[in-house]
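Counting starts at 1 for both ligands and their atoms, following the listed order. Positions are given from 1, in the same order as the sequence printed here. The analysis underlying the following values was restricted to heavy atoms, covering all of them including side chains, and did not include hydrogens, waters or symmetry mates.
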Amino acid sequence: MKTLINLINKTLDEYITPQYPKKIFESMKYTLSLPGKRLRPVMCLETTRMLGGKIESALPTACAIEMLHVQSLIHDDLPCMDNDDYRRGQPSNHKVFGEANAVLAGDALLTLAPQIIIEKSKDLTNEQIVRILHEYTKFAGAYGLIAGQVADIESEGGNFAMSSEDTLKFIHMNKTAVLFRLAMRTGAIISNSSNETLEDLDNFAKSFGLAFQIYDDIMDEVSSFEEMGKTIGKDKNSQKLTYVSLYGLKTSKNKFKEYIDNCYDIIKKYDTTIIIEIINKLKNRILEGED
Ligand code: GRG
């Protein structure tokens, strides 16, 4: 895992060559180079490898997915959205570079990502590149991340189009699960896997994404700034719709366990210690001390 993370960090740095005006590149590189867990690019590389593809073939796509993720974090922290002053343990992008630059740095990452996929994916076919770009645009836009964010903002005003349970699931399928789906689906495309395998791993990613969001919600209650690198207890204070606020801690943990068990059921068919290691880490942190 550490080797993959180092490779991702080095490649992300190489992919962004600053030129005039330097400010925008500094702002893009700032949040991108802060110590994130790199789960999504690692999962893209590992999916490719475990399905028989080459890690190098997936590097541009894996880095592009991290750029999209970082864009969503920068925009999510803005005062007009979640208004958070810290991210990855440091002041958030707009606190350092100002709001206008933070908006533009997010936009620049969102557009650099597909550019990188096109320019750097030397050993993929044009058909593979088009399929990856289709997945990227579908999951980044109004049918993915943006839909999740808009539903989240609406729900803060108590505005639910569906039941609160369905609204919560819709938000996190789109805000959180979508990028894990993107990572695994593109890994399947890069390794030329069958549609059956792609759909199987897509189901894994949906369960993993929802488990990851429940983990994030529980950590907002029980962890610290040092562990999470962001303001803790904010969801509770802003009376946000979360797994913990809707179901309570105990039921949230049970739901988490159901999704995690489904992840184990699916992933056991594949040869991967890294993805198992990621699931184990989440599970141990949330279910430690439980029977
Ligand atoms: C795509 C144009 C466009 C806009 C994005 C702002 C927005 C719309 C969406 C917000 C998405 C968001 C911030 C979801 C939260 C998902 C989540 C749990 C993030 C934390 O992920 P970690 O813990 O973070 O993996 P690190 O820092 O470790 O990478």
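Between Arg131 atom CZ and Ile189 atom CD1 the span is 4.0 Å, to the nearest 0.5 Å. Separating the CD1 atom in Ile279 from the SG atom in Cys263 is a distance of 5.0 Å, to the nearest 0.5 Å.
Atoms of ligand 1 lying under 4.0 Å from at least one heavy atom of Thr176, given by number and element, are 16 (C). Under a 4.0 Å criterion applied to the non-hydrogen atoms of Ala140, ligand 1 contributes the atoms 1 (C). Close approach of ligand 1 to Leu110 (heavy-atom distance below 4.0 Å) involves ligand atoms 2 (C).
Side-chain contact check for Thr186 and Glu135: no donor-acceptor pair (N or O, by modelled atom type) lies under 3.5 Å. Defined by atom type and a distance below 3.5 Å, a donor-acceptor pair is missing between the side-chain atoms of Ser92 and Asp84. Side-chain contact annotation: Gln213 with Asp217, donor-acceptor N/O pair under 3.5 Å present. Side-chain N/O atoms of Tyr270 and Asp200 include a donor and acceptor closer than 3.5 Å.
Close N/O approach between Arg88 and ligand 1 is found [any backbone or side-chain N/O within under 3.5 Å]. Between His69 and ligand 1, a contact under 3.5 Å exists for at least one N or O pair. The shortest N or O to N or O distance between Lys37 and ligand 1 is under 3.5 Å. In terms of polar-atom proximity, defined here as any N/O pair under 3.5 Å, Arg38 makes no such contact with ligand 1.
Taking each of His75, Met219, Gln149 in turn, the one with a heavy atom nearest to atom 8 (C) of ligand 1 proves to be Gln149. Between Leu68, Leu73, Asp216, it is Leu73 that holds the heavy atom closest to atom 19 (C) of ligand 1. Residue nearest to atom 5 (C) of ligand 1, selected from Gln213, Gln71, Arg87, Lys175: Gln71 (by heavy-atom distance).
Counting heavy-atom neighbours within 6.0 Å of Lys54 NZ, excluding the residue itself, gives a total of 12 or less.
Remark: minimum distance from atom 17 (C) of ligand 1 to any protein heavy atom is reached at Arg40 NH2, 4.3 Å.
Put simply, no part of Met228 is less than 4.0 Å from ligand 1, judged by heavy atoms.
Relative to the ring axis of Tyr247, Lys255 places its NZ or CZ within 45° and under 6.0 Å from the centre.
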